[in-house]
Structure formats: C-alpha cells, structure tokens
Amino acid sequence: MTQNFVHELTWRGMIHDLMPGTEAQLQRERTAGYIGFDPTADSLHIGNLVQIMTLVHFQRCGHKPIALVGGATGMVGDPSGKSAERNLLSEEVLRHNQGCVKVQLERFLDFSPGPGQAEMVNNYDWFKEIRFLDFIRDVGKHLTVNYMMAKDSVQNRLESGLSFTEFSYQLVQGYDFYWLYKNKGCRIQMGGSDQWGNIVTGTELIRRKDGGEAFALTTPLIKKADGSKFGKTEQGNVWLDAARTSPYQFYQYWMNTSDEDAASFIRIFTDLPKEQIDNLIMEHQKAPHLRSLQQELSKQIMIRVHSRQDLEAARQASQILFGNSVTEDLSRLDENTLLAVMEGVPVVHVSHDSIVAAATVTDLLSETTKGSIFPSKGEARRMIQAGGVSINKIKVSDPQQKPGFALLHDRYLLVQKGKKNYHLIVADKG
RNA sequence: GGGGGGAUACUCAAGCGGCCAACGAGGACAGACUGUAAAUCUGUUGACUUAUGUCUUCACAGGUUCGAAUCCUGUUCCCCCCA
C-alpha cells in the first residue's frame with residue numbers, strides 16, 4: 001500500500017480505538033471500508049467533517065472508501081448518545097437529504113473510475129426488500145439479546161427506556177456491514193468513538209454468519225480546549241451548505257480557532273503532510289500573531305468545502321472588518337464589492353428618512369433599526385459608553401451624538417458592535 | 001391517601017414585611033492587554049430615562065397591610081418521607 005493508513009491517522013491524532021489485526025489487513029491489500037452518515041438534514045455540518053476526512057485519508061492511502069447514507073438506519077434512529085428517542089423522518093425527506101449529502105461528499109472524495117474509486121451507497125436499497133420475518137430469522141438469530149443488551153448505548157438508556165425500534169438499531173447497522181462485506185468486499189467500518197458498539201455488532205455478525213473477519217476503527221470525539229462543543233456557535237451548527245452557513249461565517253469559524261485547538265485541528269481537517277504541518281506549527285510558535293495555523297486551516301477547508309473565490313471573498317471581508325482598515329478603505333470599495341464583502345453580515349433595512357429623523361445614535365441603533373442591532377436603548381447606550389460601538393469604522397463615544405454619518409454609497413452604514421459583530425444598515429429611499 | 005419541603009432574573013442560588021430591580025457564583029456581552037488565541041484585570045447584564053426619577057418583574061390568582069419576593073387563602077407543578 002502506498003501509505004500506512006493507521007500510521008497516518010495516528011500522527012494526526014485521529015485514532016480512538018481499533019480492532020486487532022486492522023493495520024495488518026490494511027497493509028496487506030487494498031481494502032474497502034465504510035462510514036455511515038445520518039441523513040437527518042439536507043446538509044452535513046462540520047461535526048461530520050472528522051468522518052469525511054477519515055474517508056479522505058483512507059482513499060489517499062490507497063483504499064476504497066464507501067460512504068453509506070443511512071436511508072434505512074435514518075428511519076430507525078441510533079440510540080447512541082441520545083437521551084430520548086428522536087423523531088423519525090419520512091422516506092421522502094430522507095431521500096431529499098441523501099441527495100444533498102451526496103453532492104457535498106463528492107467535493108471530498110474521488111468518485112472517478114479506478115481501483116480505489118469512492119462509492120456511495122444507501123442502505124435503504126437493500127433494506128427495502130427485506131421482510132421482517134427474514135430479518136429476524138437470518139440476522140437476529142445470530143446474536144443474543146444478552147449480547148445486544150451489554151452495549152453502552154443500550155445500557156445508558158435502560159433507566160429512561162428505549163423502544164424496540166432503537167434497540168434493534170445495532171442489528172440494522174450490523175447488517176449493513178454484513179451486506180457490504182458480502183456484496184462489496186468491505187472489510188472495515190470506521191466511525192466516531194460512540195459507534196464502537198454498533199460496529200462491533202457488525203464484525204460479530206460477519207464472523208458468526210459467515211465465519212469472515214472484519215475490522216473496526218474509531219476516531220475520538222473532537223472537543224475544544226475550553227471544553228465547549230466543537231462545531232457549534234450561538235446560531236447553532238456550522239453547516240457545509242452555503243445557504244445555511246455563509247462562506248464568510250464558515251471562514252470565521254475556523255479563523256477563530258484557538259491556538260491550542262488549531263494545532264490539532266489542522267492535522268485532522270486537512271490532508272497536508274506531516275512535515276508541512278510541523279513547519280506551520282513551528283512557524284506559528286515563533287510568530288503567533290501571524291496566526292499562520294488558523295490561516296492555513298481555514299484556507300484548506302474553505303477551498304474544499306466552498307471554493308477559492310469564496311475563500312478570497314471571505315479573506316477580503318475579514319481584512320476589512322478585522323484589519324486596520326479605516327473609513328477611507330471602506331468608502332473606496334465600489335458598491336458591489338462592498339455588498340460581496342458584507343455577504344453573511346446581518347442586514348437591516350430602514351428608510352432613508354428614518355435615519356435622518358433619528359435624534360441620536362442610540363435611537364438609530366435601537367428604535368430605528370427595530371431592535372435588530374440593540375434590543376433596547378439602554379443596552380445601546382451602555383455599549384456606546386463602554387466604547388464598544390463603531391460606525392463605518394469610527395468609534396462612537398457619545399450616546400447623544402446626532403447620527404450625521406456619511407452613508408457609504410449614499411445607502412449603507414456599517415455598524416460594529418464589539419470586535420466581531422457587524423451589522424449593515426441599508427437606507428432604502430422613497 | 002397522610003406528613004414535610006420547594007417554585008426567585010439566561011442558569012445555579014441568597015433574600016423571609018420597608019434600606020429589593022433583588023447578595024453571590026457561573027454564563028453572556030463589552031473594555032484594557034494582545035494576535036479576530038488563551039489567561040488576566042475592569043465594567044455591564046428587566047424596560048424607559050440626563051437622573052438620586054418612573055414603570056414591569058420573584059410559579060399563577062386573589063387577600064391582609066400605609067407598604068409584600070417576603071404574611072394569609074386558593075390553584076398548578078416539582079421533590080422527599082410514611083402508607
């Protein structure tokens with residue numbers, strides 16, 4: 001094999017657990033391996049990125065990645081890590097979601113014909129034909145309830161209760177593995193550490209039903225150094241879909257990675273070689289203020305998930321919003337560029353007259369803008385007094401100041417609340 | 001069914017007749033320092049207001065009182081103990 005996959009993941013800090021013999025199998029021959037994705041939404045989010053990258057590395061090391069979109073398992077619901085049974089989705093919604101997810105995965109994996117060609121499968125395709133009696137006879141027979149009960153995912157739910165549907169989940173997923181083993185020669189299943197139990201059910205099923213040997217590898221749960229959840233912001237998940245999370249916001253999420261996290265994230269979320277990453281980390285240690293790690297991290301991911309153009313736009317926007325730019329830089333931008341730069345910044349439309357009519361900045365930022373920037377005058381005033389508000393890059397210091405600001409292109413005001421929060425006021429005429 | 005305890009702002013948690021828009025902690029936001037990091041320090045954190053001013057809040061509905069988050073009555077929900 002071109003590269004040792006297990007070594008590759010090890011130095012990247014992406015291995016939580018693996019079954020004995022996994023490495024030997026992967027070194028021996030080109031191996032097909034799969035990871036399942038939940039089609040619970042019509043877009044993947046960056047919480048799925050670890051698994052996607054696992055497949056990317058898998059393929060780069062010469063193996064054949066299979067991405068399973070869980071149309072069938074999505075209909076059942078995995079109890080792992082869930083405190084309550086989740087709502088089941090209709091087949092129609094699941095189909096739609098699968099289609100969207102597929103498009104996103106195509107940006108990461110190489111689906112072009114070849115020996116290590118990536119493949120996408122949908123377990124609904126084989127499950128829809130299976131009848132209940134066949135399933136409990138051919139699959140259920142091989143595993144005892146005692147075995148299934150021993151899983152953590154089940155144990156954790158015994159107190160609060162779990163439905164038979166959820167309980168059967170591991171069998172359904174286990175059968176996926178078996179089916180892929182039989183029909184696609186798939187020998188290894190990967191996933192997050194919470195999937196270990198489900199994966200092992202699969203290898204067990206393969207062993208008992210067929211006497212075959214299959215393997216498991218799990219990745220650790222990604223946590224941020226400050227203990228907060230990875231991939232979440234105030235606004236919720238960070239999605240890959242530009243319609244859900246704008247490329248600018250997406251870029252900012254990665255740019256805001258703390259130093260501590262950046263060193264581990266760049267190993268996990270990019271496919272840069274070890275040497276280059278080591279250099280980057282050294283460079284970053286020498287000159288941390290350049291934020292080279294965060295720069296490279298966001299660059300790599302932006303290009304993969306969005307595009308070079310989006311990266312450039314996000315960089316330009318960030319440069320203006322966070323760089324040392326001043327009013328002159330802002331007013332130099334032509335209208336289209338300005339709007340492009342502001343892509344992803346919350347916009348509030350008000351009439352041109354009401355801006356003129358506002359008695360003070362405080363009124364402008366609260367009442368006139370209908371509370372979208374500050375919900376109350378008091379809050380606006382406090383923030384201004386604390387020095388946290390700038391308009392068109394000029395700090396506002398007096399809450400009573402008249403809002404005689406020059407509108408950019410006679411239409412726009414860029415309001416900055418603190419260091420990282422921007423709002424664009426658009427003055428509509430007539 | 002009997003007995004006891006509880007419900008306070010984003011969360012936890014004081015307060016038990018006026019000095020309470022309500023101690024404290026956490027969180028959040030902002031400022032300083034920096035590097036759009038982390039740590040630290042400072043400030044803000046019901047609304048309106050220039051304000052020592054006004055208004056709306058302490059589960060819900062009534063009541064006592066000059067005055068209630070605090071006392072009384074009823075309602076709802078939670079916890080504990082005994083059956």
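What's counted below: heavy atoms across the whole structure, side chains too, no hydrogens, waters or symmetry copies. Quick caveat: nothing in here was measured; it's all calculated off a predicted structure.
Under a 4.0 Å N-O distance rule, the pair A:R291/A:D259 does not qualify as a salt bridge.
Here, B:rA59 and B:rA9 have their C1' atoms 14 Å apart, quoted to the whole Å. On the P atoms, B:rC20 is 25 Å away from B:rU65, given to the nearest whole Å. Atom name P, nucleotides B:rG74 and B:rG2: the rounded distance is 14 Å, in whole Å. To the nearest whole angstrom, the two P atoms, one in B:rU73 and one in B:rC55, are 30 Å apart. One C1' atom belongs to B:rG17, the other to B:rA69, and the distance between them is 11 Å to the nearest Å. Rounded to whole Å, the P atom of B:rA22 lies 16 Å from the corresponding atom of B:rC16. Straight-line distance between the C1' atoms of B:rU57 and B:rC41: roughly 33 Å, to the nearest whole Å. Comparing B:rA32 with B:rC77, their C1' atoms are spaced 47 Å from each other, to the whole Å.
A donor-acceptor contact under 3.5 angstrom links the side chains of A:T73 and A:N123, judged on distance only.
Here B:rA83 sits opposite no nucleotide as a Watson-Crick or G-U wobble pair (both hydrogen-bonding atom distances under 3.5 Å). Using N1 to N3 plus N6-O4 or O6-N4 for Watson-Crick, or N1-O2 and O6-N3 for G-U wobble, each under 3.5 Å, B:rU45 pairs with B:rG27. Across all strands shown, B:rC58 forms no Watson-Crick or G-U wobble pair with both key distances under 3.5 Å. In this structure, B:rU36 forms no base pair with any nucleotide, since neither Watson-Crick nor G-U wobble geometry is met with both distances under 3.5 Å.
Near RNA chain B, meaning a heavy atom under 4.0 Å from it, residues 368-380 of chain A has A:S376, A:K377, A:G378 in order of number.
Using a 30° and 60° split on the angle between ring planes, A:F167 and A:F164 fall in the tilted class, from 30° to 60°. Between A:F230 and A:F269, the ring-plane angle classifies as parallel under the 30° and 60° cut-offs.
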Completion exercise
Reading nucleotides 51-58 of chain B from 5' to 3' and marking B where a protein heavy atom lies under 4.0 Å of the base, S where only the sugar-phosphate is that close, and - otherwise, the string is --------
Practice task
For each nucleotide in nucleotides 35-45 of chain B, reading 5' to 3', give B when a protein heavy atom comes within less than 4.0 Å of its base, S when such contact involves only the sugar-phosphate, and - otherwise.
Solution key: BBB------SS
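Remark: A:R12 engages A:E8 in a salt bridge (Lys or Arg N to Asp or Glu O under 4.0 Å) (not counting sequence neighbours). Listed by chain and number, the residues in a salt bridge (Lys or Arg N to Asp or Glu O under 4.0 Å) with A:K377 are A:D363, A:E367 (sequence neighbours excluded).
Heavy atoms only, all atoms of each residue included: A:G116 and A:Q59 are closest at O-NE2, 2.9 Å. Nearest heavy-atom pair, A:T368 versus A:I355, reported as atom, atom and distance to 0.1 Å: CG2-N, 4.4 Å.
In this structure a side-chain-to-backbone donor-acceptor pair under 3.5 Å is missing from A:E119 to A:I66.
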Exercise for the section: Could you walk me through whether A:S376 and A:E379 pass the side chain to side chain donor-acceptor pair (under 3.5 Å) test, one step at a time? Expected result: CA-CA 5 Å; A:S376 74; A:E379 196 167 320; 4.5 Å; no
Practice task
Please test A:F5 against A:H57 for ring-ring contact (aromatic ring centres under 6.0 Å, His included), starting from the C-alpha separation and ending with a verdict.
Solution key: CA-CA 7 Å; A:F5 177 66; A:H57 294 309; 7.6 Å; no
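No contact: A:D261 has no heavy atom under 4.0 Å from any strand.
Within the structure, salt bridge (charged side-chain N to carboxylate O under 4.0 Å, His left out) contacts touching residues 239-252 of chain A (residues at least two apart or in different chains) are A:D42-A:R244.
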